[in-house]
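Inspection log for the structure reproduced underneath, given as structure tokens.
Computation of the quantities below employed the complete heavy-atom set of this structure, encompassing side-chain atoms and omitting hydrogens, waters and symmetry-equivalent molecules.
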Amino acid sequence: GGYGSVISAKNSTIILDNVTFENCFNTSRTVEQLYGGAIYAENSTTTINYANFDSCYVSGVNGFGGAIAVVGGEFNLSGGAFVENEVNCSGNAYGGAVYATGAEINIVCVDRGLEWTSNQAKIGGAIALQNCMDVNNKIAGTGALSVGFNQNRATQGNGGALYIER
């Protein structure tokens, strides 16, 4: 328990294209640390091309990533939507939609937009990144495409949309 309700991977390669995750949850009153309502990836290369994550959540003592949690490795995201994902925990609660630590991050829009709407956590309403490599200038849209943050909320800390800690 505690690691991604749909996908839990260590030292792996994950490639997802045009997928939808709805109402995925990772919850426990006894597990101290919970990672990823839908996906947990540790020391893996995770590539997600246009995915929708809707109403995924983590609930318990300490939680990280309402939809996705990445620990180490590489995280590549291109296009999709994260809507109403949440980390609702009594202790730490980071990254309403996505949490990553110690990973290389590439979040871009190549052929479709990327929307983050109504996600919430105590810190990093939509995205929380801690000790991640190569974050500078890697969260962007190209051409007429956009990365949009709408009504995301950090309930007790910083980063209503995006929280970065080095």
Side-chain angles (χ1 to χ4, degrees), residues 1-16 19-48 51-77 80-107 114 116-135 138-139 149 152-166:
Y3 300 100
S5 66
V6 179
I7 296 171
S8 181
K10 290 185 179 181
N11 304 312
S12 300
T13 298
I14 303 165
I15 300 172
L16 301 172
V19 294
T20 297
F21 294 86
E22 290 183 274
N23 301 310
C24 302
F25 60 91
N26 187 352
T27 182
S28 174
R29 292 186 179 143
T30 58
V31 175
E32 189 67 26
Q33 309 282 340
L34 298 168
Y35 292 90
I39 297 171
Y40 171 76
E42 182 177 332
N43 296 323
S44 297
T45 298
T46 305
T47 302
I48 301 174
N52 294 310
F53 291 84
D54 187 4
S55 301
C56 297
Y57 68 92
V58 171
S59 177
V61 180
N62 296 298
F64 306 89
I68 300 170
V70 176
V71 177
E74 184 178 335
F75 179 59
N76 305 297
L77 176 64
F82 290 80
V83 180
E84 295 183 355
N85 300 288
E86 179 178 7
V87 177
N88 183 5
C89 292
S90 58
N92 293 315
Y94 283 82
V98 172
Y99 171 80
T101 184
E104 180 179 336
I105 307 297
N106 298 294
I107 299 175
L114 179 57
W116 308 81
T117 305
S118 300
N119 301 289
Q120 82 173 24
K122 287 182 180 176
I123 296 174
I127 304 169
L129 306 175
Q130 292 184 302
N131 305 310
C132 289
M133 302 165 276
D134 296 330
V135 175
K138 294 289 179 94
I139 300 176
F149 292 94
N152 297 287
R153 188 171 157 223
T155 60
Q156 292 184 11
N158 297 316
L162 176 62
Y163 174 80
I164 299 174
E165 178 183 316
R166 295 221 179 219

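In this structure, the side chain of Lys122 engages the main chain of Gly91 through a donor-acceptor pair within 3.5 Å. Judged purely by atom type and a 3.5 angstrom limit, Ser118 has no side-chain atom pairing as donor or acceptor with the backbone of Glu84. Looking at Asn26, its side chain never comes within 3.5 Å of a backbone N or O of Ser5 through a donor-acceptor pair. Remark: the backbone N or O of Asn85 is paired with a side-chain donor or acceptor of Asn119 at under 3.5 angstrom.
Annotation: Asn11, atom CG; neighbour count of heavy atoms from other residues, nucleotides and ligands within 6.0 Å is above 12.
Atom OG1 in Thr46 sits 10.5 Å away from atom OH in Tyr40 (nearest 0.5 Å). To the nearest 0.5 Å, the span separating CD on Glu42 from OG1 on Thr101 amounts to 11.0 Å. One finds the CH2 atom of Trp116 at 6.0 Å from the CZ atom of Phe149 (value rounded to the nearest 0.5 Å). Distance check, rounded to the nearest 0.5 Å: CG of Asn92 to CD of Gln33 gives 7.0 Å.
Counting heavy atoms from C-beta on, the side chains of Cys89 and Val58 come closer than 4.5 Å. Using a 4.5 Å heavy-atom threshold, the side chains of Tyr94 and Val87 count as separate. Residues Ile68 and Phe75 meet the side-chain proximity criterion, which asks for heavy atoms closer than 4.5 Å.
Between Leu77 and the options Thr47, Val70, Leu114, a side-chain contact (heavy atoms from CB on, under 4.5 Å) holds for only Leu114. Each of Val98, Ile39, Asn76 was checked for a side-chain contact (heavy atoms from CB on, under 4.5 Å) with Ile48, and the lone residue meeting it is Ile39.
At a cut-off of 3.5 Å, with distance as the only test, a side-chain donor of Tyr99 or Gln130 sits close to an acceptor on the other residue.
Residues Tyr163 and Gly124 come closest through the heavy atom pair CB-CA, 3.7 Å. Taking all atoms of both residues into account, the shortest heavy-atom contact from Ala67 to Cys56 is CA-CB, 4.0 Å. In terms of heavy atoms, Gly96 sits closest to Ala121 at N-CB, 3.5 Å. Asn62 approaches Glu32 most closely through the heavy-atom pair ND2-OE2, 3.1 Å.
Relative orientation of the Phe53 and Phe21 rings is parallel, given thresholds of 30° and 60° on the angle between their planes. Between Tyr35 and Tyr3, the ring-plane angle classifies as parallel under the 30° and 60° cut-offs.
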